[in-house]
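Encoded as structure tokens, the structure appears first; notes follow it.
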Number of protein chains: 2
Amino acid sequence: MCDHHSRDKKGSVCRCGGGLPVEKFMQPCLLILLKQHSSHGYDLIQQLAEFGFSERLDPGSVYRTLRRLEDEGLVTSHWDVGEGGPARRLYSLSDEGEEMLHAWAVHIRQQRKRMDVFLERYQSLFSKEN
Amino acid sequence: MCDHHSRDKKGSVCRCGGGLPVEKFMQPCLLILLKQHSSHGYDLIQQLAEFGFSERLDPGSVYRTLRRLEDEGLVTSHWDVGEGGPARRLYSLSDEGEEMLHAWAVHIRQQRKRMDVFLERYQSLFSKEN
DNA sequence: AATCCATATAGACAAATTACACATAGAGAG
DNA sequence: CTCTCTATGTGTAATTTGTCTATATGGATT
């Protein structure tokens, strides 16, 4: 998940991976994708790459997140037994989910502002020296 | 931590609190504050408000984070038994901590970019209608 | 027909993380 | 003597994360 510097010798992941937990930020991204058009999990995994998720994002976490969203009433699903290929679950955004999407947008703007505060402070600290 | 809409009837916190986990984002903020000048925990708690942390941020989580940063070698501390008031631990940024601060800045810029992608997509979806 | 790969969904689990409540203690004010 | 402010911590239950593994269908390749 953290690509900006490599893992250390011991094989542990880097310690600054905390900005955006994968499954948390995945939620508003899924909602916005489903606002555009209903689709199924496997397809959503591909589309999530546009939001900066790893191209080999763990499918299990996506399906788990989708099911949680459904538990919360933010999306609905029904089995789509089309011709060819295994049965797949087609997800759609609910009205409640669209409301939550708006709440997320407000929240994310706030979080971005906090990051701006940090980055401005960082730059003013390190811009003049060396 | 999430102020943009109230808690629901059951008393549970709102579900879109995931942008920036408190203790994770606290780490680079503490590093940048200690880059400016060494200080002790109680003082850092006040200063963290500038980064958008709640004014009644749990002190325990701050002290715990500071100790973890010390375990990782990013900060150093020694007891400051000054005149008046209880003894307090004075924290300073280490060289390794300053390096980590740079890594965090890169990371946070990336995360901010992902939020931009989300917000642009959000606005283009909802700008034209009504 | 046997094998392999892409599609598609899901469960299990250890470790980390969170929020919150609680514990301890010195010092000055009233 | 009690209250509040300063100052630093511990405990813990519940949630969340990342990762690994399981299962099944169907098309393509050999």
Side-chain angles (χ1 to χ4, degrees), chain A residues 1-3 7 10-27 30 38-48 53-72 75 77-91, chain B residues 1-3 7 10-27 30 38-48 53-72 75 77-91:
Chain A
M1 185 219 164
C2 172
D3 300 324
R7 288 143 188 271
K10 297 192 288 293
S12 63
V13 293
C14 82
R15 281 163 294 179
C16 60
L20 293 170
V22 172
E23 291 194 24
K24 264 290 162 57
F25 187 60
M26 194 192 296
Q27 291 180 42
L30 288 172
S38 300
S39 46
H40 52 279
Y42 196 83
D43 207 47
L44 289 165
I45 291 170
Q46 325 296 320
Q47 297 179 70
L48 280 174
F53 289 92
S54 165
E55 63 282 354
R56 55 202 179 297
L57 170 65
D58 177 50
S61 67
V62 179
Y63 291 112
R64 194 205 321 187
T65 303
L66 283 167
R67 263 174 289 128
R68 192 167 66 234
L69 290 175
E70 188 168 24
D71 286 343
E72 293 171 355
V75 304
S77 81
H78 56 88
W79 283 103
D80 175 22
V81 194
E83 77 295 347
R88 55 198 192 171
R89 205 181 272 276
L90 189 73
Y91 286 96
Chain B
M1 184 212 165
C2 171
D3 300 325
R7 287 143 190 269
K10 297 192 287 294
S12 61
V13 293
C14 83
R15 283 161 294 179
C16 60
L20 293 171
V22 171
E23 291 195 23
K24 266 290 161 59
F25 187 62
M26 195 192 296
Q27 291 181 41
L30 288 172
S38 301
S39 47
H40 53 279
Y42 195 84
D43 207 46
L44 289 165
I45 291 169
Q46 325 296 319
Q47 296 179 70
L48 280 174
F53 290 92
S54 165
E55 62 283 352
R56 56 199 178 299
L57 169 64
D58 176 47
S61 67
V62 178
Y63 290 111
R64 195 193 313 141
T65 302
L66 283 168
R67 262 174 289 128
R68 192 168 65 234
L69 291 174
E70 188 167 23
D71 287 343
E72 293 171 356
V75 305
S77 80
H78 56 87
W79 282 104
D80 175 22
V81 193
E83 76 295 345
R88 54 199 195 172
R89 203 182 272 276
L90 188 74
Y91 286 96

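Below, chain A is the first sequence line, B the second, and so on; all start at residue 1.
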With a cut-off of 3.5 Å and sequence neighbours excluded, list every side-chain donor-acceptor pair involving residues 38-45 of chain B.
{"residue": "Ser38(B)", "atom": "OG", "partner": "Ser92(B)", "partner atom": "OG", "Å": "2.8"}
{"residue": "His40(B)", "atom": "NE2", "partner": "Arg88(B)", "partner atom": "NH1", "Å": "3.1"}
{"residue": "Asp43(B)", "atom": "OD2", "partner": "Gln47(B)", "partner atom": "NE2", "Å": "3.3"}

Response to the item:
Residues passing the salt bridge (Lys or Arg N to Asp or Glu O under 4.0 Å) test with Arg68(A), sequence neighbours excluded, are Glu23(A)
Worksheet item: Who are the side-chain hydrogen bond (donor to acceptor under 3.5 Å, both in side chains) partners of Glu70(B), not counting sequence neighbours?
Response: Ser77(B)
Response to the item:
note: Gln46(A), atom CD; dA8(C), atom P; distance rounded to Å ~ 9 Å
Fill in: Rounded distance [0.5 Å steps], CG in Leu30(B) versus CG in Leu48(B)
5.0 Å
Within the sub-3.5 Å range, which N or O atoms of nucleotides 10-13 of chain D have a protein N or O partner, and how far apart are they?
{"residue": "dT10(D)", "atom": "OP2", "partner": "Arg67(B)", "partner atom": "NH1", "Å": "2.6"}
{"residue": "dT10(D)", "atom": "OP2", "partner": "Arg67(B)", "partner atom": "NH2", "Å": "3.3"}
{"residue": "dG11(D)", "atom": "O6", "partner": "Arg64(B)", "partner atom": "NH2", "Å": "2.9"}

Worksheet item: For Val22(A) and Phe53(A), which heavy atoms make the closest approach, and how far apart are they?
Response: O-CE2, 3.6 Å
Discussion item. If I take atom OH in residue Tyr42(A) and atom C1' in nucleotide dT9(C), what distance separates them, rounded to the nearest angstrom?
Written reply: 11 Å
Worksheet item: Between atom CZ in Arg56(A) and atom P in dG18(D), what is the gap in whole Å?
Response: 14 Å
Discussion item. Just the rounded figure in Å: distance from P of dA7(D) to NE2 of His78(B).
Written reply: 16 Å
Worksheet item: Does His40(A) put a side-chain nitrogen or oxygen below 4.0 Å from OP1 or OP2 of dA8(C)?
Response: yes
Discussion item. Checking Arg89(A) against Leu66(A) for the side chain to side chain contact (heavy atoms under 4.5 Å, CB included) test, could you report, in this order, the C-alpha distance in whole Å, the side-chain angles of both residues, the deciding distance, and whether it holds?
Written reply: CA-CA 10 Å; Arg89(A) 205 181 272 276; Leu66(A) 283 167; over 6 Å; no
Response to the item:
Between CG of Asp71(B) and P of dG9(D) the distance, given in whole Å, is 12 Å
Item to complete: Just compare dT8(D), dA10(C), dT17(C) and give me whichever is closest to any side-chain atom of Arg88(B).
Response: dT8(D)
Item to complete: Rounded off to whole Å, could you give me the CD-to-C1' distance for the Glu23(A) and dT15(D) pair?
Response: 12 Å
Worksheet item: Whole-Å distance between dT7(C) P and Leu44(A) CG?
Response: 14 Å
Worksheet item: How long is the line joining CZ of Arg89(A) and C1' of dT7(C), in whole Å?
Response: 16 Å
